[in-house]
2 protein chains.
Amino acid sequence: MGGEIEVFRSFISKKGLRNTPEREEIIAEIFSDHNHFDVDELYQCLKARGSKISKASIYRNIPLIIECGLIRDAWFEDRHMHYERIYGRGHHCHLRCIRCGKVVEFVDNQLKDIETRVALENDFHVIDHRLDITGYCSKCKTME
Amino acid sequence: MGGEIEVFRSFISKKGLRNTPEREEIIAEIFSDHNHFDVDELYQCLKARGSKISKASIYRNIPLIIECGLIRDAWFEDRHMHYERIYGRGHHCHLRCIRCGKVVEFVDNQLKDIETRVALENDFHVIDHRLDITGYCSKCKTME
DNA sequence: CTCCTATTGCAATTCAATTTCAATAATAAT
DNA sequence: ATTATTATTGAAATTGAATTGCAATAGGAG
Ligand SMILES: [Mn+2]
Ligand SMILES: [Mn+2]
Ligand SMILES: [Zn+2]
Ligand SMILES: [Zn+2]
């Protein structure tokens, strides 16, 4: 594992921005443990580690971390956005349980074909896709 | 067109709730013209028609209109939720232009197969899926 | 018509997200 | 090293979608 700090540093430099310890802390925290996360979770974990970083700085940096391809929007739930690491991981989609919140990742190769065909039919230049399947997980479907 | 008011009325009655003119106004407005919409758009259109309904009532009723299957969440954009009519329409997904906001609907039959297979492999009971393809529309892709 | 209480409009509130601002510090220039 | 420039920060204020409290109203059962 690794490379994400370097990717981010060169991205920042190329944009004429500045590398700061706060930025490195955020990247390090995301890639230490967080697969899916939200801003408050990230903030609380940084705080627990002794970081003095503010939420404002996290909010300000997330768009940059997305732009350089390290993370992306995952889903909107409970009135706020959830993100996920994508650097070093293959593209995947999510099954989400609407009862317990469990998230299962899956990869499906057919999806790429659909994307290609639909884009062609509608003359779109695709940047990304996001397939979210919602329902009840194995545990929750028996309790409904 | 037609049927949505009746569907909503019997849904409301079955729940032991009350049918009100405000609720009927909202349903009527949604099904008069709005395919995709957000709360403010709905509110402004109702106001323009002379309705005295409050935004609070719209916000309070949307979960009920979703629950009875007339509309559903479509996507989250510009810091607020966008909805769409589903009653009387077939299931479909969206291509969305990240430059001009254009939305194109499409139907793909393969998607159902993916859904079924993925659900089986992960022991999920699927309720819904949402495939959003983002990119540049025909006009915008030439301007990038 | 009467009663019960769901629903409403309005205003206050919540909270994720953004922005303002003065202090700080990263980087380039000297 | 020192200095100059200005991007970045934390703290606090602000925004705006969405929710909630409350008193007045009105749906609908009996
Ligand atoms: Mn994921
Ligand atoms: Mn649609
Ligand atoms: Zn579950
Ligand atoms: Zn476009």
Side-chain angles (χ1 to χ4, degrees), chain A residues 5-6 8-29 36-47 49-68 71-84, chain B residues 5-6 8-29 36-47 49-68 71-84:
Chain A
I5 291 281
E6 290 71 20
F8 189 66
R9 277 189 196 138
S10 56
F11 169 82
I12 288 294
S13 296
K14 191 168 292 181
K15 288 204 84 163
L17 303 178
R18 295 173 184 176
N19 284 293
T20 66
E22 290 82 2
R23 285 180 169 151
E24 309 233 339
E25 280 171 37
I26 295 171
I27 303 293
E29 180 60 42
H36 303 130
F37 63 94
D38 59 38
V39 168
D40 189 62
E41 182 185 330
L42 207 55
Y43 174 71
Q44 297 302 338
C45 289
L46 281 161
K47 204 158 98 171
R49 277 188 197 218
S51 174
K52 299 287 185 214
I53 200 164
S54 69
K55 267 193 184 177
S57 287
I58 298 177
Y59 277 114
R60 274 188 287 237
N61 281 300
I62 278 188
L64 290 169
I65 308 175
I66 290 174
E67 194 185 341
C68 79
I71 65 172
R72 73 166 191 165
D73 287 3
W75 63 84
F76 186 83
E77 189 186 25
D78 292 334
R79 303 179 59 176
H80 63 275
M81 188 56 67
H82 294 250
Y83 305 91
E84 67 178 344
Chain B
I5 292 281
E6 290 72 20
F8 189 67
R9 277 189 196 136
S10 55
F11 169 81
I12 288 293
S13 297
K14 190 168 292 179
K15 289 203 84 163
L17 303 178
R18 295 173 183 175
N19 283 291
T20 66
E22 289 82 3
R23 285 180 170 153
E24 308 234 338
E25 280 172 36
I26 296 171
I27 303 294
E29 180 60 41
H36 302 130
F37 64 94
D38 59 39
V39 167
D40 190 62
E41 182 185 329
L42 207 55
Y43 174 71
Q44 298 302 337
C45 290
L46 281 161
K47 204 158 99 172
R49 277 187 195 217
S51 173
K52 299 288 184 210
I53 200 164
S54 67
K55 267 193 184 176
S57 288
I58 299 177
Y59 276 115
R60 275 189 283 236
N61 281 300
I62 278 187
L64 289 169
I65 309 175
I66 290 174
E67 194 184 340
C68 79
I71 65 171
R72 73 165 190 166
D73 287 3
W75 63 83
F76 186 83
E77 189 185 26
D78 292 334
R79 301 179 61 175
H80 63 277
M81 188 56 66
H82 295 249
Y83 305 91
E84 68 177 343

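Proteins get letters first, then strands, A, B, ... in listed order; numbering begins at 1 in each. Excluded from the calculations below are hydrogen atoms, water molecules and symmetry mates; all remaining heavy atoms, backbone and side chain alike, are included.
Here the straight-line distance linking atom NE2 of A:H36 with atom CH2 of A:W75 works out to 4.5 Å at 0.5 Å rounding. Going from atom CG of A:D38 over to atom CZ of A:R79 covers 14.0 Å, rounded to the nearest 0.5 Å. How far CD of A:E22 is from CG of A:N61: 8.5 Å, rounded to the nearest 0.5 Å.
Each of B:D40, B:L46, B:L42 was scored for a side-chain contact (heavy atoms from CB on, under 4.5 Å) with B:Q44, with one residue passing: B:D40.
Between the P atom of C:dA6 and the CZ atom of B:F11 lies a distance of 15 Å, rounded to the nearest Å. Per the geometry, NZ belonging to A:K14 stands 20 Å off C1' belonging to C:dA26, to the nearest Å. A:R79 has its CZ atom 8 Å from the P atom of C:dC15, to the nearest Å. As a whole-Å value, the separation of B:Y43 OH from D:dA17 C1' is 14 Å. Taking atom CD on B:E25 and atom P on D:dA26, their separation rounds to 13 Å, with Å as the unit. Rounded to a whole Å, the CZ atom of B:F8 is 9 Å from the P atom of C:dT7. As a whole-Å value, the separation of A:M81 CE from C:dA17 C1' is 11 Å. Regarding B:I58, its CD1 atom lies at a distance of 13 Å from the P atom of D:dT19, rounded to whole Å.
Contact check on B:E25 versus B:R49 returns no salt bridge, with no Lys/Arg side-chain nitrogen under 4.0 Å from an Asp/Glu carboxylate oxygen.
Taking all atoms of both residues into account, the shortest heavy-atom contact from B:L17 to B:R23 is CB-NH1, 4.2 Å. Between B:I53 and B:Y43 the shortest heavy-atom distance is O-CE1, 3.3 Å. Of all the heavy atoms in B:I58 and B:I26, the pair that sits closest is CA-CD1, 4.0 Å.
Residue A:Y59 places none of its side-chain N or O atoms closer than 4.0 Å to OP1 or OP2 of C:dT18. For A:R23 and D:dT8, the shortest distance from a side-chain N or O to OP1 or OP2 is below 4.0 Å.
Contact check for B:R9 versus B:E24: side-chain heavy atoms found under the 4.5 Å cut-off. Side-chain contact between B:E77 and B:H82 is present, with at least one heavy-atom pair separated by less than 4.5 Å.
Mapping A:S54 and B:D78 onto DNA chain D by nearest heavy atom places A:S54 closer to the 5' end of the strand. Toward the 5' end of DNA chain C, the nearer of the two residues A:A56 and A:D40, judged by each one's closest nucleotide, is A:D40. Checking B:I26 against A:H80, the closest nucleotide of DNA chain C that is more toward the 5' end is the one next to B:I26. Toward the 5′ end of DNA chain D lies the nearest nucleotide of A:I53, the other residue of the pair B:Y83 and A:I53 mapping further downstream.
Across all strands shown, B:K55 has no heavy atoms under 4.0 Å from either base or sugar-phosphate atoms.
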When you compare the protein's N or O atoms with those of nucleotides 1-4 of chain D, which come within less than 3.5 Å of each other, and at what distance?
none

Are any protein N/O atoms closer than 3.5 Å to N/O atoms in nucleotides 27-30 of chain D? If there are, list each pair with its distance.
from, atom 1, to, atom 2, distance (Å)
D:dG27, O3', B:N19, O, 3.3
D:dG27, N2, B:R18, NH1, 3.3
D:dG27, N2, B:R18, NH2, 2.5
D:dG27, N3, B:R18, NH1, 3.3
D:dG28, OP1, B:N19, N, 2.9

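Residue B:R60 places a side-chain atom within donor-acceptor reach of the base of D:dG21, judged by atom type and a 3.5 Å distance cut-off alone.
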